[in-house]
Amino acid sequence: MRYSQYFLPTLKETPGDAEVVSHQLMSRAGMIRKVAAGIYDYLPLGLRVIRKAENIVREEMNKAGAIEILMPAVCPADLWEQSGRWQQYGKELLRLKDRKETEFCIGPTHEEVVTEIVRGTVNSYRQLPVNLYQIQTKFRDEVRPRFGLMRGREFIMKDAYSFDATDEGANLSYEKMRKAYCRIFERCGLKYRMVEADSGAIGGSFSHEFMVLADTGEDVVISCESCEYSANIEKAVVIDKGEMSQAPMNEVERVVTKGAHSVADVSVMLELKPSQIVKTMLVIVDDEPVAVLIRGDHELNVAKVKNLLGASVVELATPEQIAKATGGPVGFSGPIGLKITLYADNAVKYMRNMGVGGNEKDIHLEGVNLERDFQVKQFADLRDAADGDTCPHCGGRYSNTRGIEVGHIFKLGTKYSESMKATFLDADGVAKEIIMGCYGIGIGRTAAAAIEQNHDENGIIWPMPLAPFQVIVTMLNPKDEEVLAAGEKLYQDLLSEGIEVLLDDRDERPGSKFKDADLLGIPLRINVGARGLKEQSFELQERRAGERVMLPIEGAAQKVAEQVRTALAAE
RNA sequence: CGGGGAGUGGCGCAGCCUGGUAGCGCGCCAGUUUUGGGAACUGGAUGUCGCAGGUUCGAAUCCUGUCUCCCCGACCA
């Protein structure tokens with residue numbers, strides 16, 4: 001591709017609305033452009049990277065035995081009513097009506113549609129297993145889209161769905177996908193971790209997330225420093241450990257805590273450490289208010305509450321709901337005298353003489369004790385794991401890092417085959433429900449994650465497999481006929497070698513071309529200039545290392561092509 | 001959805017408080033000189049100041065409404 005003929009609008013300045021580095025650099029490098037919140041154009045360079053990622057995913061999916069299909073973006077509500085998700089999914093599901101007032105949604109994921117395909121086709125165990133996948137634009141009306149392609153509302157996703165006759169078969173399908181995912185992210189040149197995850201709204205029995213490690217990641221990954229255990233913070237198990245305090249029980253005492261709004265405020269006023277205070281969190285579990293007690297220095301984990309109670313929706317209560325359930329304002333809830341059910345995190349069990357809210361404005365209580373002053377229906381692991389907690393597998397220490405969730409695989413079981421009646425006849429002639437799995441990869445997010453992990457102050461540094469072009473040939477002064485001729489020849493030779501090359505033939509000053517080349521992040525740059533030509537040489541510069549080496553004209557294309565192929569093979 | 005901020009040439013911003021000529025940098029067009037890390041000079045083009053109402057002799061500026069975007073939080077595959 002000739003730069004002068006291409007559509008590649010780079011920006012010198014960082015756009016005002018871009019916060020994270022991948023978003024800034026994608027905008028500056030002319031890869032994407034915002035059309036609306038969470039909705040982007042893919043400009044030519046961006047599209048090339050997207051296609052690279054798609055192709056890696058496609059190759060590995062095909063190798064793993066999955067078969068590509070393409071389902072509609074607009075899906076009938078009818079199917080979603082069958083699975084129950086038309087009611088369950090909430091506002092994230094973009095719903096619309098056609099001219100006949102029939103309801104549709106824009107697919108945020110395709111379990112319903114794919115299950116419908118399979119149930120209409122598969123009747124016998126002989127037709128299983130099957131794994132169907134697609135690479136398609138999805139839409140999720142996110143509460144808060146942000147960070148460019150990292151959390152868009154419209155985004156390109158690879159979604160695969162496996163269908164098996166037996167549980168062992170389903171596990172095998174899951175395992176194949178797990179391995180394929182590892183190969184995909186390795187091939188993309190990304191540093192990632194596979195972690196245990198909560199299966200959330202999609203449902204199912206177990207799941208893993210693939211996290212690209214980056215400080216800007218929105219997810220917290222808990223990993224054990226001593227063993228291989230690694231989990232999303234929503235899932236990471238906190239073991240029940242502690243010693244019953246032997247301190248004598250004090251009398252309950254009312255304390256005025258005027259204007260206290262947080263555990264930190266209360267801690268100061270009561271002269272207690274946050275770990276001696278109990279937060280009473282009001283949550284609405286399927287429309288019913290429930291109180292969850294958490295030690296002051298811990299964080300409530302909503303996913304764990306949801307799993308414990310088998311609820312479909314768990315939300316923090318609004319101030320109005322809190323007032324109604326406790327009689328007091330936000331910040332002053334406490335366990336004593338509450339009419340609603342109390343659950344508590346395990347850590348609360350070991351506390352003595354705790355500080356709690358008084359269920360009235362500006363009042364807290366101290367010297368409060370379990371059993372004597374209030375009862376809890378059940379203790380469980382209901383808090384977020386934290387740095388320094390004990391690993392349940394080896395007793396090692398947890399540490400946390402941040403990650404970007406680029407892939408998520410679920411073993412679904414029969415959740416959808418049951419509700420949507422996708423059955424097959426087994427060898428013994430008995431109708432059984434198909435056992436499913438589903439497997440997603442965010443394509444744009446993978447590209448964004450690659451930038452988060454590979455950039456410097458000058459721009460992007462693409463790993464070779466994702467690079468929009470493998471080589472950029474920079475003609476320093478294309479008005480110089482020798483330079484022009486040598487650059488053109490090199491360009492043609494590289495093309496003949498099958499290399500993806502961008503020829504910077506623009507009539508710009510060298511400085512601008514260098515800056516643009518660095519910004520675009522093309523892994524290898526060849527400078528063609530009068531200075532080098534005198535010595536029958538070009539200059540070869542790796543984007544990452546930055547060092548320039550002389551490259552003899554003779555055999556230059558072959559040598560560079562070899563280097564590209566080596567880089568591709570290494571990833 | 002709660003809190004905060006912003007909409008002014010293609011991009012980044014100033015002007016608004018205290019109403020009266022719409023301004024700066026980058027980019028763009030033409031020309032001259034330049035040409036190894038975002039050139040210099042000269043000349044030029046580009047704005048219904050988000051939208052709708054209102055106040056006023058006069059509104060980018062004040063008031064009301066509305067839309068959009070961004071950030072923090074809540075939530076989320």
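Order of the sequence lines sets the chain letters (A, B, ...), proteins ahead of strands, with each chain counted from 1. Computed from a predicted structure; not experimentally measured.
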- [ ] Step by step, work out the salt bridge (charged side-chain N to carboxylate O under 4.0 Å, His left out) result for Glu209(A) and Lys235(A).
- [x] CA-CA 11 Å; Glu209(A) 287 171 340; Lys235(A) 176 81 178 179; over 6 Å; no
Task: Complement of U35(B), any strand, by Watson-Crick or G-U distances under 3.5 angstrom - done: none
Task: pair Phe469(A)-Leu45(A): side-chain heavy atoms closer than 4.5 Å - done: yes
Task: Spacing of Asn232(A) atom CG relative to C75(B) atom P, expressed in whole Å - done: 14 Å
Task: Check against salt bridge (charged side-chain N to carboxylate O under 4.0 Å, His left out), Asp141(A) and Lys91(A) - done: CA-CA 7 Å; Asp141(A) 201 355; Lys91(A) 287 190 184 158; over 6 Å; no
Task: Leu11(A) CG to C28(B) P, straight-line distance once rounded to whole Å - done: 12 Å
- [ ] Please state how far atom CG in Leu300(A) lies from atom P in A74(B), giving the value in whole angstrom units.
- [x] 11 Å
Open item on the list: Tell me which nucleotide, if any, is Watson-Crick or G-U wobble paired with C24(B) when both distances must be under 3.5 Å.
Closed with: G12(B)
Open item on the list: For Thr216(A), run the side-chain hydrogen bond (donor to acceptor under 3.5 Å, both in side chains) check against Glu19(A), Glu452(A), Arg402(A), His23(A) and tell me which one passes.
Closed with: Glu452(A)
TODO: Mind calculating the distance between CG (Asp219(A)) and C1' (C75(B)) to the nearest angstrom?
DONE: 13 Å
Open item on the list: Using whole Å, what does the distance between atom P of nucleotide C11(B) and atom CE of Met26(A) come to?
Closed with: 20 Å
Task: Sugar-phosphate, base or nothing in reach of Gly532(A), heavy atoms under 4.0 Å - done: base
- [ ] Report yes or no: is the cationic atom of Arg33(A) (NZ for Lys, CZ for Arg) closer than 6.0 Å to the six-membered ring centre of Phe7(A), at no more than 45° off its axis?
- [x] no
- [ ] Quote, to the nearest angstrom, the P distance that separates A45(B) from C29(B).
- [x] 15 Å
- [ ] Please work out whether the ring planes of Tyr181(A) and Phe210(A) are parallel, tilted or perpendicular, with thresholds of 30° and 60°.
- [x] tilted
Open item on the list: Work out how far the C1' atom of G37(B) is from that of C41(B), and round it to whole angstrom.
Closed with: 22 Å
Task: Mutual orientation of the aromatic rings belonging to Trp80(A) and Tyr89(A) [parallel < 30°, tilted 30-60°, perpendicular > 60°] - done: perpendicular
Task: 5'-most by nearest nucleotide on RNA chain B - Thr14(A) or Phe155(A) - done: Thr14(A)
Open item on the list: Could you check whether the side chain of Arg525(A) and the base of G36(B) have a donor-acceptor pair of N or O atoms closer than 3.5 Å, going by distance alone?
Closed with: no
- [ ] Please check if any side-chain donor atom of Glu418(A) sits under 3.5 Å from a side-chain acceptor atom of Thr414(A), or the reverse.
- [x] yes
Open item on the list: Without decimals, in angstroms, what is the distance between Leu476(A) CG and U34(B) P?
Closed with: 18 Å
Open item on the list: With rounding to the closest Å, how many angstrom separate the P atoms on A59(B) and C51(B)?
Closed with: 15 Å
- [ ] Report the residue (Glu142(A) or Gly546(A)) whose heavy-atom-nearest nucleotide on RNA chain B is the more 5′ of the two.
- [x] Gly546(A)
TODO: Determine, stepwise, if the pair Asp384(A) / Lys304(A) fulfils salt bridge (charged side-chain N to carboxylate O under 4.0 Å, His left out).
DONE: CA-CA 9 Å; Asp384(A) 281 344; Lys304(A) 287 180 180 176; 5.9 Å; no
Task: Arg28(A) side-chain N/O to Leu11(A) backbone N/O, donor-acceptor pair under 3.5 Å - done: yes
- [ ] Remember a base hit wins even if backbone is also touched, and classify Arg548(A) as base, sugar-phosphate or nothing at under 4.0 Å, heavy atoms.
- [x] base
TODO: Report the distance from atom CG of Asp507(A) to atom C1' of G36(B), rounded to the nearest whole Å.
DONE: 15 Å
- [ ] For Leu316(A), report the nucleic acid contact type (base, sugar-phosphate, nothing); a contact means any heavy atom under 4.0 Å.
- [x] sugar-phosphate
- [ ] For Tyr439(A), report the nucleic acid contact type (base, sugar-phosphate, nothing); a contact means any heavy atom under 4.0 Å.
- [x] nothing
Open item on the list: Which nucleotide, if any, forms a Watson-Crick or G-U wobble pair with U48(B), using both distances under 3.5 Å?
Closed with: none
Task: Pairwise P distance, A40(B) and U35(B) [rounded to whole Å] - done: 14 Å
- [ ] Check whether any side-chain heavy atom of Met61(A) lies under 4.5 Å from a side-chain heavy atom of Met177(A), and answer yes or no.
- [x] yes
Task: Residue-level proximity of residues 508-524 of chain A to RNA chain B when a heavy atom falls under 4.0 Å - done: Arg509(A), Pro510(A), Gly511(A), Ser512(A), Phe514(A), Lys515(A), Asp516(A), Asp518(A)
Open item on the list: Ignoring hydrogens, what is the shortest heavy-atom contact between Ser27(A) and Pro15(A)? Give both atom names and the distance.
Closed with: CB-CG, 3.5 Å
Below 3.5 Å is the cut-off: list the nitrogen or oxygen pairs between protein and nucleotides 68-73 of chain B, distance only.
| residue | atom | partner | partner atom | Å |
| --- | --- | --- | --- | --- |
| C69(B) | OP1 | Ala37(A) | N | 3.0 |
| C69(B) | O3' | Lys34(A) | NZ | 3.1 |
| C69(B) | O2' | Lys34(A) | NZ | 3.4 |
| C72(B) | OP2 | Arg144(A) | NH1 | 3.3 |
| C72(B) | OP2 | Arg144(A) | NH2 | 2.5 |

Task: Pairing partner of U18(B) (Watson-Crick or G-U wobble, both distances under 3.5 Å) - done: none
Task: Side-chain heavy-atom pair Tyr42(A), Leu149(A) within 4.5 angstrom cut-off - done: yes
- [ ] Identify the nucleotide, in any strand shown, that forms a Watson-Crick or G-U wobble pair with A74(B), with both distances under 3.5 Å; if there is none, say none.
- [x] none
- [ ] Carefully, step by step, assess Glu112(A) and Arg85(A) under the rule salt bridge (charged side-chain N to carboxylate O under 4.0 Å, His left out).
- [x] CA-CA 9 Å; Glu112(A) 284 79 1; Arg85(A) 284 207 293 185; 2.8 Å; yes
TODO: Rounded to whole angstrom, note down the C1' distance from A6(B) over to U46(B).
DONE: 24 Å
Contact list (N/O, under 3.5 angstrom) for nucleotides 23-26 of chain B vs protein:
| residue | atom | partner | partner atom | Å |
| --- | --- | --- | --- | --- |
| G25(B) | N2 | Glu13(A) | OE1 | 3.0 |

Task: Atom P, compared across G65(B) and A14(B): separation rounded to whole Å - done: 25 Å
Open item on the list: Between G73(B) and U66(B), how many Å separate the two C1' atoms, rounded to a whole number?
Closed with: 25 Å
Task: Base-pairing mate for C62(B) - Watson-Crick or G-U, with both contacts under 3.5 Å - done: G54(B)
Open item on the list: Could you tell me the Watson-Crick or G-U partner of G43(B), where both distances fall under 3.5 Å? Say none if there is no partner.
Closed with: C29(B)
Task: Inter-nucleotide C1' distance (G38(B), C75(B)), Å rounded - done: 43 Å
TODO: Please report, rounded to the nearest Å, how far the P atom of G38(B) is from the CG atom of Asn458(A).
DONE: 11 Å
- [ ] Would you indicate what Glu234(A) reaches in the nucleic acid, counting non-hydrogen atoms under 4.0 angstrom: base, sugar-phosphate, or nothing?
- [x] nothing
